[in-house]
Participant: 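Once you've had a glance at the structure underneath, I'll fire off some questions.
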Number of protein chains: 2
Amino acid sequence: MTKMKDKDAKALGKMFKALAHPNRLQLFVEILEQSEAAFEEGHDCFANAIMEKLNVGAPTISHHLKELVNADLISTERKGKFLTCQVNPDAMKRLGAFFAR
Amino acid sequence: MTKMKDKDAKALGKMFKALAHPNRLQLFVEILEQSEAAFEEGHDCFANAIMEKLNVGAPTISHHLKELVNADLISTERKGKFLTCQVNPDAMKRLGAFFAR
DNA sequence: CCAACACTTCGATACTTGTCGAACTATACG
DNA sequence: CGTATAGTTCGACAAGTATCGAAGTGTTGG
């Protein structure tokens, strides 16, 4: 039986909370898929492009991105005028481990 | 690149939403660990025992359990006066697969 | 049948949060 | 510079929901 530490539970909870909203989940999946495409095709994942896919305004996207970052699910980087998003591999590993029992 | 179907996203979203609340996550983890212990020691996971660990009333537990069931994360079974909880293995597999990219 | 126990349903309340418009900052480009 | 574009911050409002107490259902054991 794999016991869980309190700290882990809190971090996981934050992640689940971040993924709990449909728009934010879609946002995350979009970044996930774009990141995979980026790796193959050599371009970055631009927040700009994602916003067009979701049917919400810029302030909302900004808010959601901040929550994903805050949950350590992704990280963002300013590239001149634009913002690029990267999935945090550690988060994926951690979540994957949680469900692999 | 692993594309995702709309139906999958909706099911996953439900699961994340169910795990998003601290008490519900703790509830789920408790069931998870109890289930593992149950397998080894041959007893079931009783809702009754879990309620004593969380600091909330019976109505709240009932409500949360229903949401976990509704998200297909667990299933419950009446055993006489008591209620037993089992983790749904399919849900674990599905979630594990999502984060294993 | 009655009392005790485990859980559920209902209604109310308090808190959280997703969303937007408006105003702001930062960068690029003539 | 001045204008356009990308993103952020702020304040407000609507919608969702976690929680509880009270009352209800089902089951066990006397």
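Convention: sequence-line order gives letters A, B, ...; per-chain numbering from 1.
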Participant: Output one letter per nucleotide in nucleotides 5-10 of chain D: B when a protein non-hydrogen atom lies under 4.0 Å from the base, S when only the sugar-phosphate is that close, - when neither is.
Facilitator: BSSBB-

Participant: Going by side chain to side chain contact (heavy atoms under 4.5 Å, CB included), name the residues that satisfy it together with A:Asp90, two or more places apart in sequence or in a different chain.
Facilitator: A:Asn88, A:Lys93

Participant: Using a heavy-atom cut-off of 4.0 Å across all strands, would you classify B:Lys17 as base, sugar-phosphate, or nothing?
Facilitator: sugar-phosphate

Participant: To check you understand the geometry: which heavy-atom pair defines the closest contact between A:Asn23 and A:Leu54, and what is its length?
Facilitator: O-CD1, 3.6 Å

Participant: I'd like to check B:Leu12 versus A:Leu19 (side-chain heavy atoms, cut-off strictly below 4.5 Å). Are they in contact?
Facilitator: no

Participant: Give every residue pair that meets the salt bridge (charged side-chain N to carboxylate O under 4.0 Å, His left out) criterion with at least one member in residues 71-89 of chain B, sequence neighbours excluded.
Facilitator: B:Asp44-B:Lys79

Participant: A:Asn23 CG to D:dA15 P: how many Å, rounded?
Facilitator: 16 Å

Participant: Walking along DNA chain C from 5' to 3', note the first and the last nucleotide with an atom under 4.0 Å from a heavy atom of chain B, and give both.
Facilitator: C:dC5 to C:dT9

Participant: Could you list the residues that satisfy side-chain hydrogen bond (donor to acceptor under 3.5 Å, both in side chains) with B:Ser75, not counting sequence neighbours?
Facilitator: B:Gln86

Participant: Hey, are the side chains of A:Phe99 and B:Leu32 touching, using non-hydrogen atoms and a 4.5 Å cut-off?
Facilitator: no

Participant: Whole angstrom is fine here: how far is it from CG in B:Leu68 over to C1' in D:dA18?
Facilitator: 14 Å

Participant: Return the minimal non-hydrogen interatomic distance between B:Cys85 and B:Leu65, and the atom names on each side.
Facilitator: SG-CD2, 4.2 Å

Participant: Once salt bridge (charged side-chain N to carboxylate O under 4.0 Å, His left out) is applied, what residue pairs with a partner in residues 45-59 of chain A remain, sequence neighbours excluded?
Facilitator: A:Glu30-A:Lys53

Participant: Scan the side chains in residues 56-64 of chain A for donor-acceptor partners under 3.5 Å anywhere in the protein, sequence neighbours excluded, and list what turns up.
Facilitator:
residue: A:His63; atom: NE2; partner: A:Glu67; partner atom: OE2; Å: 3.4
residue: A:His64; atom: ND1; partner: A:Arg24; partner atom: NH1; Å: 3.4

Participant: Which heavy atom of A:Phe98 sits nearest a heavy atom of B:Met92, and at what distance?
Facilitator: O-CE, 4.0 Å

Participant: State, to the nearest 10°, the angle formed by the axis through the first five base pairs of the helix from C:dC1-D:dG30 to C:dG30-D:dC1 and the axis through its last five.
Facilitator: 30°

